[in-house]
Amino acid sequence: MRTSTNKPVRKIRLIFYGPCGAWLLVFFLWKLAALRIGKELILPAPERVLAVLLNLVQTPEFWRHFFATLHRGLVGFLFSYFTGVAFGLCAGLNSHFNQIFRPVLVTMRSTPSMSFILLALIWFKSDAVAIFVTFFVVFPLVTQNVLEGISQVDPALLEMAEIFRVKPGRVLRKLYLPAILPFLAAGAAAGLGITWKVMIAAEVMAVPRWGMGTRMDTARTFLNTSEVFAWTAVVVFLGYLFDRALDYITKHLALPWQKS
Amino acid sequence: MKDGIGENSGIKVDTITKNYGPLRVLAGISMTIPSQKIVAILGPSACGKTTFLSILAGLEQPDAGTVTGLSTQGVGFLFQEPRLLDWLTVYDNLTFVLTDKLPQANLRPAIEEYLKSMDLYAYRNYYPQKLSGGQRQRVAIARALLYPSPVLLMDEPFKSLDLGLKFQLIRDFLELWSKQPRTVICVTHDVKEALLLADEIYFFSQKPTVIKEHFIIRKPRAERSLDDPDLLEMEQEMIKVLIEENNRSPRLL
C-alpha cells in the first residue's frame, strides 16, 4: 500500500539513484583521486575547481570569453547546419548532384580535424579559424544525416504524391521535411555536441583575443590546472544546456503528431 | 459538385504488353471500359494486375500497346493501404493532395462535405495514428473521390480490413460514388467484393497474362446481395476459373 510516508524515502532514493547520484559519485571518486595524488598541479580537488570557477564568473573577462566562444560556436554551427541541410536535400533528391557531391563529402569526413585547424591557421585570421574548422567537421555530419533521412522516406508516400500530381514544392515542405525531421534533430544534436569540442580545440590552437579556448591555453601555460578544469566545466555545462534545449524543441515543438 | 470531372467516352486499352527482363507479364491486354462504370480486374496472385494499374496511372510505360481516354489531369487512386502522412491531420492530408486541384473557394466546403458523409468530420483535426484502420481507409476514400478526375483506380482497397468493415466500407464507397459517378477500375482478388462493386469483371490469366474471361453483371447494384442465387452461381464459376489459373504455373517468355 502506498502512503505519504513513503515520499521522503522515494526522494532520497531519487537523489542517490538518479542523475544527482551519478554526479555525487563522480565528485566522490574525483575527491578520493585528488587526495591520493595530493598535487593540485596534476589533479585539483573538486572544491578547489569550484572556488576557481566562482572567482572566474565574477570577472567581466569571463563573460567576454564565454560569449565570444558562444557567438563563434552558434555562428559556426548554424552556418554549417543549414548549409548541410541544403546540400543534403540537393544530394538526396538529385542523383546527379549526389554522384558529384559524395566524393567531396567522403573527403571531408576522412580528413583529420587537426589538418583543417592547421590549414585554417595558415589561411585565416585567428577569429575565423574556429568557425572554418567547425564548418568542415559539422557540415558532413549534418549532410550525412539528411541523406540517411531521405533514403528512409516511405516510397509508398512518394508514389501517392506522384500519382496525385502534388507539386514538388509541397512534396518537399509537407512530405520530405517532416519525414526527415528526426534525422534533422539527430544531426543537430550530434553537430552541436561536436561544435563545442572542435571550437575549443581550434581556439586553443588559434588563440583569438577572446575565447574560452584561449583562456584554457593560457591557464595551461601557467600550469594552472584548476582553471583548465574550471573552463572545461563551463564548456561541458554549455554543451549540456544546448542538448537539453534541443531535446525539448524536438519532443515538444517539432513532432506534435508523436506527442498527441 | 462537378469540379473538373467531365464526361468522356470511357477508356480504351489496346494490346498492352509488358516484360520485366525475360519475364513476360502482360501479353496483350485489350479492353474497353465504359464511362462512369465500375470494372473489376480479378486474377491469380502476381499475375500482373498491379502492373496493369501502374500503366493506367502513368507510373509505368507499356512495352507496346496504347491506352486512350485517360484524363490529362491525372487519376484518382485508392491504395491497399491508406498512405496518409502521419504528421498531417485528416484535413491537412486532404489539402496536401487537393490544394490547387479544386477551386480555392470550394476546397474547404468540399472536404467538409465528404468528411461528414464518411462520419469523419469530428476527426478532421486528428492525426492518422489516432484513427482506427477503417477510419484511415475512409480518409483515403474521401481523398480519392475528392480528386477531380473522371477516372479512379483502386488497388485492392479493402484487402486489409476485416469482413464486416469491408462490406460497410464498400457500401459507403458506392453511396459516395453514386452521387458523382466516375469510371472506376478496381483490382481485387476477392470475388465477392468484385460482384458487389462492378458492372463488368475481367479475369486475368496466370503469366504471361491475357484476359481469360469477361463477365458482365446486369443486376442493378442496389439489388445485389451476397446470397443472391444469380450472383452465387457467378461466384462459383469465377472461383473455378481462379483455382484453374492458380494451379497453372507461370511461364517465362
Side-chain angles (χ1 to χ4, degrees), chain A residues 81 85-86 88-89 92-95 142 145-189 246-260, chain B residues 4 50 53-60 70-102 123 125-131 136 139-140 142-149 151-155 157 160 185:
Chain A
Y81 186 75
V85 170
L89 284 173
L93 300 176
N94 186 310
S95 57
V142 174
N145 266 278
V146 175
L147 282 171
E148 181 63 23
I150 287 178
S151 72
Q152 306 269 320
V153 174
D154 186 356
L157 293 179
L158 295 173
E159 190 184 68
M160 179 272 292
E162 187 187 347
I163 287 176
F164 285 122
R165 301 189 181 186
V166 182
K167 286 186 174 169
R170 195 174 319 125
V171 174
L172 178 67
R173 279 183 291 111
K174 302 274 185 178
L175 202 164
Y176 273 111
L177 284 178
I180 67 168
L181 213 52
F183 291 86
L184 292 178
L246 199 66
D247 198 49
Y248 180 83
I249 291 168
T250 307
K251 280 189 182 146
H252 293 84
L253 304 176
L255 308 170
W257 64 93
Q258 288 186 1
K259 198 179 75 168
S260 72
Chain B
T50 300
L53 218 52
S54 298
I55 289 171
L56 295 184
L59 292 176
E60 290 194 50
L70 278 175
S71 159
T72 49
Q73 68 210 80
V75 292
F77 208 109
L78 188 53
F79 305 93
Q80 192 175 316
E81 340 76 59
R83 300 200 188 184
L84 302 174
L85 307 182
D86 284 343
W87 45 89
L88 295 183
T89 61
V90 166
Y91 184 85
D92 289 341
N93 260 286
L94 297 177
T95 56
F96 172 71
V97 164
L98 298 166
T99 302
D100 61 54
K101 302 290 185 311
L102 296 178
Y123 299 95
N125 293 322
Y126 278 47
Y127 290 106
Q129 283 171 347
K130 287 282 169 189
L131 304 178
R136 283 199 286 269
V139 178
R143 179 179 65 192
L145 286 173
L146 274 162
Y147 193 80
S149 166
V151 179
L152 172 62
L153 307 179
M154 308 206 292
D155 187 8
S160 51
I185 300 153

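FYI, side chains are in, hydrogens and waters are out, and symmetry mates aren't considered; it's all heavy atoms of this structure. Each chain gets a letter, A, B and so on, in the order the sequences are listed, and its residues count up from 1. Everything quoted here is computed from the prediction, not taken from an experiment.
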Given heavy-atom pairs under 4.5 angstrom as the criterion, report whether the side chain, backbone, both or neither of Ser54(B) touches chain A.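 Neither the backbone nor the side chain of Ser54(B) comes within 4.5 Å of chain A.
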In terms of heavy-atom proximity below 4.5 Å to chain A, should Leu98(B) be classed as side chain, backbone, both, or neither?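 For Leu98(B), there is no contact with chain A at all, as no heavy atom is under 4.5 Å.
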What I'd like to find out is whether the side chain of Val75(B) reaches to under 4.5 Å of the side chain of Leu56(B), using heavy atoms alone.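 A side-chain contact under 4.5 Å is absent here.
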For the interface with chain A, which of Thr89(B), Asp86(B), Asp100(B), Leu88(B) has the highest count of heavy-atom pairs at distances below 4.5 Å?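 So the answer, after comparing Thr89(B), Asp86(B), Asp100(B), Leu88(B), is Asp100(B).
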Donor-acceptor pair, distance only, cut-off 3.5 Å: does the side chain of Arg143(B) make one with the backbone of Leu94(B)?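 Side chain of Arg143(B) to backbone of Leu94(B): no pair is present.
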Donor-acceptor pair, side chain of Asn93(B) and main chain of Leu85(B), under 3.5 angstrom: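 Here the side-chain-to-backbone pair exists.
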With under 30° as parallel and over 60° as perpendicular, where do the rings of Phe79(B) and Phe77(B) fit, or are they tilted in between?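 It falls in the parallel class, under 30°.
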